Amino acid sequence: MLNLSSAGGSGNYIRFSPQANAWTNNLGEEIQLKKVVFDIDAVQTGWLLLGVGVREWNPDAQLGRKGPQPSPEHKRGFIVKFYNKEIGTVEWSSNGVGPNMGLQNLHSACMEQYAANPGKMPVLEYTGSKLEKIGKGTTRIPAFNLVSWIDKPAGMDQSDAEFVAQAAPAPAPFVAPVQRPTPAAAAVAASEDEMF
């Protein structure tokens with residue numbers, strides 16, 4: 001159930017910098033994170049060492065169960081995957097206090113609805129970050145709203161090359177199983193189809 005590889009497969013990643021209060025991509029460009037699908041079943045926790053030209057990942061054997069700390073420089077961290085048509089499938093990893101707290105909040109909110117949405121993935125909307133004093137310093141905690149749950153988008157399994165080479169499939173029409181959607185619900189469904 002857990003994807004324990006340390007690579008994102010495509011090298012496509014994003015980072016959140018609490019100091020800059022900004023998201024950047026693997027090219028170092030600042031991006032505006034919008035709605036994303038969160039691969040909740042691929043969340044990994046572990047020990048992460050980050051430094052100039054150094055990235056060493058030691059995943060937990062079981063989600064959230066700490067193994068031995070490889071070195072004093074390794075900090076608790078995570079790896080998750082997000083997706084939308086604009087950024088493709090990206091990996092977000094961090095061992096920072098603020099991002100760790102943000103992911104903990106996000107994961108807890110999603111797990112409250114997980115059992116009621118079998119086979120679905122949560123759609124998140126980044127809402128900004130909260131400045132928080134931690135010990136003698138401060139950090140920023142990224143915050144997300146859980147918008148809805150959807151089936152895994154077809155494009156989420158594609159590598160960057162496949163994603164660029166193939167046109168995105170036309171979105172499936174929204175069909176309510178029992179009742180007709182309200183105009184507001186139809187608008188949300190249409191906007192999500194454009195993102196995923």
Side-chain angles (χ1 to χ4, degrees), residues 1-34 36-84 86-111 122 124-144 156-164:
M1 180 178 224
L2 292 178
N3 175 5
L4 296 178
S5 70
S6 61
S10 64
N12 197 17
Y13 63 85
I14 58 174
R15 298 287 179 258
F16 176 73
S17 170
Q19 298 84 1
N21 192 25
W23 291 91
T24 55
N25 62 19
N26 54 305
L27 302 174
E29 302 165 334
E30 187 171 336
I31 62 168
Q32 298 302 312
L33 194 64
K34 300 175 184 174
V36 292
V37 177
F38 173 35
D39 190 347
I40 193 166
D41 291 325
V43 174
Q44 299 176 60
T45 55
W47 294 101
L48 180 60
L49 172 64
L50 292 174
V52 178
V54 176
R55 182 181 185 277
E56 185 181 317
W57 174 242
N58 294 274
D60 295 334
Q62 183 180 349
L63 186 66
R65 184 168 295 200
K66 290 182 186 181
Q69 185 175 8
S71 78
E73 290 78 31
H74 284 77
K75 298 179 185 175
R76 291 299 292 166
F78 64 85
I79 295 177
V80 300
K81 290 182 183 176
F82 289 158
Y83 168 82
N84 70 29
E86 186 177 327
I87 60 175
T89 301
V90 295
E91 178 183 278
W92 174 35
S93 63
S94 181
N95 64 0
V97 173
N100 281 352
M101 292 172 74
L103 179 67
Q104 181 67 52
N105 295 339
L106 164 62
H107 190 263
S108 296
C110 291
M111 289 308 292
L124 311 174
E125 183 172 24
Y126 176 64
T127 59
S129 66
K130 177 184 173 189
L131 188 65
E132 180 121 352
K133 185 169 175 51
I134 305 289
K136 295 181 180 179
T138 58
T139 190
R140 287 195 168 272
I141 302 170
F144 298 85
M156 197 166 186
D157 290 326
Q158 296 177 330
S159 70
D160 289 341
E162 293 170 324
F163 184 77
V164 170

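Each residue takes its place number in the sequence, starting with 1. Keep in mind it's a predicted model, so treat the numbers as computed, not measured. Keep in mind that the numbers below use all heavy atoms, side chains included, and drop hydrogens, waters and symmetry copies.
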For a quick test of reading the model, state the closest non-hydrogen atom pair linking [X] to [Y] and the distance between them.
X    : Y    : answer
I40  : C110 : CD1-CB, 3.4 Å
L63  : V43  : CD1-O, 3.4 Å
Y126 : P142 : CE1-CB, 3.9 Å
N84  : I87  : OD1-N, 2.9 Å
I141 : M101 : CD1-CE, 3.5 Å
T45  : W57  : C-CH2, 3.4 Å

- Taking the six-membered ring for Trp, are W23 and F16 parallel (under 30°), tilted (30 to 60°) or perpendicular (over 60°)?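 Correct class here is tilted.
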Please confirm whether the backbone N or O of [Y] pairs with a side-chain atom of [X], one donor and one acceptor, at under 3.5 Å?
X    : Y    : result
E132 : G98  : no
T127 : A143 : yes
N12  : T89  : yes

Distance in Å, [X] [atom1] paired with [Y] [atom2], rounded so as to fall on 0.5 Å steps:
X   : Y    : atom1 : atom2 : answer
N21 : R140 : CG    : CZ    : 4.0 Å
I14 : T24  : CD1   : OG1   : 8.5 Å
D60 : R76  : CG    : CZ    : 4.0 Å
I79 : Y13  : CD1   : OH    : 13.0 Å
N95 : L50  : CG    : CG    : 4.5 Å

- Applying side-chain contact (heavy atoms from CB on, under 4.5 Å), run through R55 and L48 and close with a yes or a no. CA-CA 7 Å; R55 182 181 185 277; L48 180 60; 4.2 Å; yes
- Task: Decide, yes or no, whether a salt bridge links D41 with K81 under the criterion of side-chain N to carboxylate O below 4.0 Å.
- Result: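 A salt bridge is absent here (no side-chain N lies under 4.0 Å from a carboxylate O).
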- Query: Are the side chains of V80 and F38 in touch, meaning some heavy atoms are under 4.5 Å apart?
  - Reply: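 With C-beta onward as the side chain, the pair touches.
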- Task: For the residue pair L103 and N100, establish whether any side-chain heavy-atom pair is separated by less than 4.5 Å.
- Result: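 Counting from C-beta outward, L103 and N100 never come under 4.5 Å.
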- Query: Is R15 close enough and on-axis enough to W92, meaning under 6.0 Å and within 45°, for cation-pi?
  - Reply: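 Verdict for W92: no cation-pi partner in R15.
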- Item | side-chain contact (heavy atoms from CB on, under 4.5 Å) assessment of E56 paired with S71 | CA-CA 11 Å; E56 185 181 317; S71 78; over 6 Å; no
